[in-house]
Amino acid sequence: MSETRIDHDRLFKELLSTFFEEFLLLFFPHVYEQVDFRHVSFLSEEVFTDVAAGEKHRVDLLVETKLKGGDGLIIVHIEHQSYTQPTFPERMFIYVSRLFQKYRRRILPIAIFSYDEHRDEPSSFTIKFPFLTVVDFRFLTVELRKQPWREYIRRDNPVAAALLSKMGYNESERVAVKREFLRMLVRLELDEAKQRLLFGFFETYLTLSEQEEIQLRNEVNQMGTKEAKKVTDLIVSYEQRGMEKGIEKGIEKGIEKGIEKGIEKGKMDIAKRMLGKGYDVPTICELTGLSVEAVEKLKG
């Protein structure tokens, strides 16, 4: 059975559009200080066609805003990359060029790399000759796997909490990462919708085994009484939601099966009446869709 495909771009877009301000504060405080967050709007999705490659590319997130003390609007273009691509800087340059062509505004490009490999991603694209630099394009980058997760657990930032799941931890630290995520979630005191968004994002990328969950419970129990209760309540609430979803799916499947059984029984009743009226088996099969064997059994 093939694994369910994760829509990485959708997950990151949902996270960053909900917590755009917090994202800039976390990774680019020098940008955050300059942005006027009273003027923020999300632009419609842009799709560009690469004629040479015969492919369509979708820009992940476009945010229109202003700089403090400035009259003109700027556009923040955030692009998420979940796999390695040698031509990514070139692609970013093309995106920004086309965005500028359409909007005629200053564009601030940001790339987020979330794949598991350790690479030194370039943050520029150049076109130059020995006698002239034609293009010197640069963009901001975040390479999540290079981020030491422990440095973020004291920041009461929802983006930091969610992205712990994609940062630089090893296998032996998985339980600790989720424990600290839960502690951050308790401290943030977000509304249910935002809490659910962060929890769903985290669980998509870091799901503990049954043994690890037991270890997590033991470690939570060793916390201070008040914090331990809050974290335990959080775990239990999400376990209950998972059970409720499972029950709902079971009911839906049961209803579907019930309908199927009802339809099948209806066909059998019709076939019986047709037999009683002298219809031959091939005709009954043709009209009801039942098999010859099923109709023959009804004769007895």
TODO: Considering non-hydrogen atoms only, spot the tightest contact between Ser123 and Thr141 and give its length.
DONE: CB-CG2, 3.7 Å
TODO: Mind running salt bridge (Lys or Arg N to Asp or Glu O under 4.0 Å) on Arg119 and Glu143 for me, showing each step along the way?
DONE: CA-CA 8 Å; Arg119 286 167 52 93; Glu143 295 181 64; over 6 Å; no
- [ ] Check the surroundings of atom NZ in Lys146: do more than 12 heavy atoms from other residues, nucleotides or ligands lie under 6.0 Å from it?
- [x] yes
- [ ] Please check if the side chain of Thr87 supplies one atom and the backbone of Glu90 the other of a donor-acceptor pair under 3.5 Å.
- [x] no
Please output the side-chain donor-acceptor pairs of residues 31-38 that fall under 3.5 Å, not counting sequence neighbours, one pair per line with the distance.
unit_1 : atom_1 : unit_2 : atom_2 : d
Tyr32  : OH     : Glu21  : OE2    : 3.4
Asp36  : OD1    : Arg38  : N      : 3.1
Asp36  : OD1    : Arg38  : NE     : 3.0
Asp36  : OD2    : Arg38  : NH2    : 3.0

Open item on the list: Please give me the minimum heavy-atom distance between Ser209 and Arg174, naming the atom from each residue.
Closed with: N-NH2, 4.3 Å
Task: Check: Asn170 main-chain N/O paired with Glu173 side-chain donor or acceptor under 3.5 Å - done: yes
Task: Partner set under side-chain contact (heavy atoms from CB on, under 4.5 Å) for Asn218, not counting sequence neighbours - done: Ile214
TODO: Flag the pair Phe181 / Phe202 as yes when their ring centroid distance falls below 6.0 Å, and as no otherwise.
DONE: yes
Open item on the list: Once ring-ring contact (aromatic ring centres under 6.0 Å, His included) is applied, what residue pairs with a partner in residues 213-232 remain, sequence neighbours excluded?
Closed with: none
Task: Candidate list Phe27, Phe20, Phe19, test ring-ring contact (aromatic ring centres under 6.0 Å, His included), partner Phe23, passing option - done: Phe27
TODO: Please test Glu180 against Arg150 for salt bridge (Lys or Arg N to Asp or Glu O under 4.0 Å), starting from the C-alpha separation and ending with a verdict.
DONE: CA-CA 9 Å; Glu180 295 305 322; Arg150 291 185 185 277; over 6 Å; no
Open item on the list: Nearest 0.5 angstrom please: Glu189 CD to Asp156 CG, how far?
Closed with: 9.5 Å
Open item on the list: Among Glu213, Arg183, Glu212, exactly one meets side-chain contact (heavy atoms from CB on, under 4.5 Å) together with Lys178. Which residue is that?
Closed with: Glu213
Task: Closest heavy-atom pair and its distance - Leu190, Pro158 - done: CD1-CB, 4.3 Å
- [ ] Could you pull out the closest heavy-atom pair between Met184 and Asn157, with the gap in Å?
- [x] CE-O, 4.0 Å
TODO: Compare every heavy atom of Ala160 with every heavy atom of Met167, then report the nearest pair and how far apart it is.
DONE: CE-O, 4.4 Å
Open item on the list: On the six-membered ring of Phe199, is Arg196 placed so that its NZ or CZ lies under 6.0 angstrom from the centre and within 45° of the ring axis?
Closed with: no
Open item on the list: Minimum heavy-atom separation for Gln147 and Val142, please, with both atom names.
Closed with: NE2-CG1, 4.4 Å
Task: Distance flag, aromatic centroids of Phe93 and Phe139, threshold under 6.0 Å - done: no
- [ ] Take Glu219 and Gln215 through the test side chain to side chain donor-acceptor pair (under 3.5 Å) and record every step on the way to the result.
- [x] CA-CA 6 Å; Glu219 292 185 9; Gln215 182 185 337; 3.0 Å; yes
Open item on the list: With salt bridge (Lys or Arg N to Asp or Glu O under 4.0 Å) as the criterion, how do Lys13 and Asp60 come out once you've worked through the C-alpha distance, each side chain's angles and the decisive distance to 0.1 Å?
Closed with: CA-CA 6 Å; Lys13 182 175 182 178; Asp60 288 344; over 6 Å; no
Open item on the list: For a salt bridge (Lys or Arg N to Asp or Glu O under 4.0 Å) check, start with the C-alpha distance between Asp116 and Lys166, then their side-chain angles and the critical distance, and finish with the verdict.
Closed with: CA-CA 8 Å; Asp116 295 333; Lys166 294 299 292 178; 3.6 Å; yes
- [ ] Please state whether the rings of Phe201 and Phe12 are parallel, tilted or perpendicular, taking 30° and 60° as the class boundaries.
- [x] perpendicular
Open item on the list: I'd like to know if Glu293 and Lys297 make a salt bridge, using a cut-off of under 4.0 Å between side-chain N and carboxylate O.
Closed with: no
Task: Same apolar cluster (I L V M F W Y, side chains within < 4.5 Å links), Ile107/Leu73 - done: no
- [ ] Compute both the distance and the angle, then confirm whether Arg145 meets the cation-pi test with Tyr169: under 6.0 Å from the six-membered ring centre, within 45 degrees of the axis.
- [x] yes
Open item on the list: Checking Asp9 against His80 for the side chain to side chain donor-acceptor pair (under 3.5 Å) test, could you report, in this order, the C-alpha distance in whole Å, the side-chain angles of both residues, the deciding distance, and whether it holds?
Closed with: CA-CA 6 Å; Asp9 292 340; His80 165 248; 3.0 Å; yes
Task: Residue pair His8 / Tyr115, side-chain donor-acceptor N/O under 3.5 Å - done: no
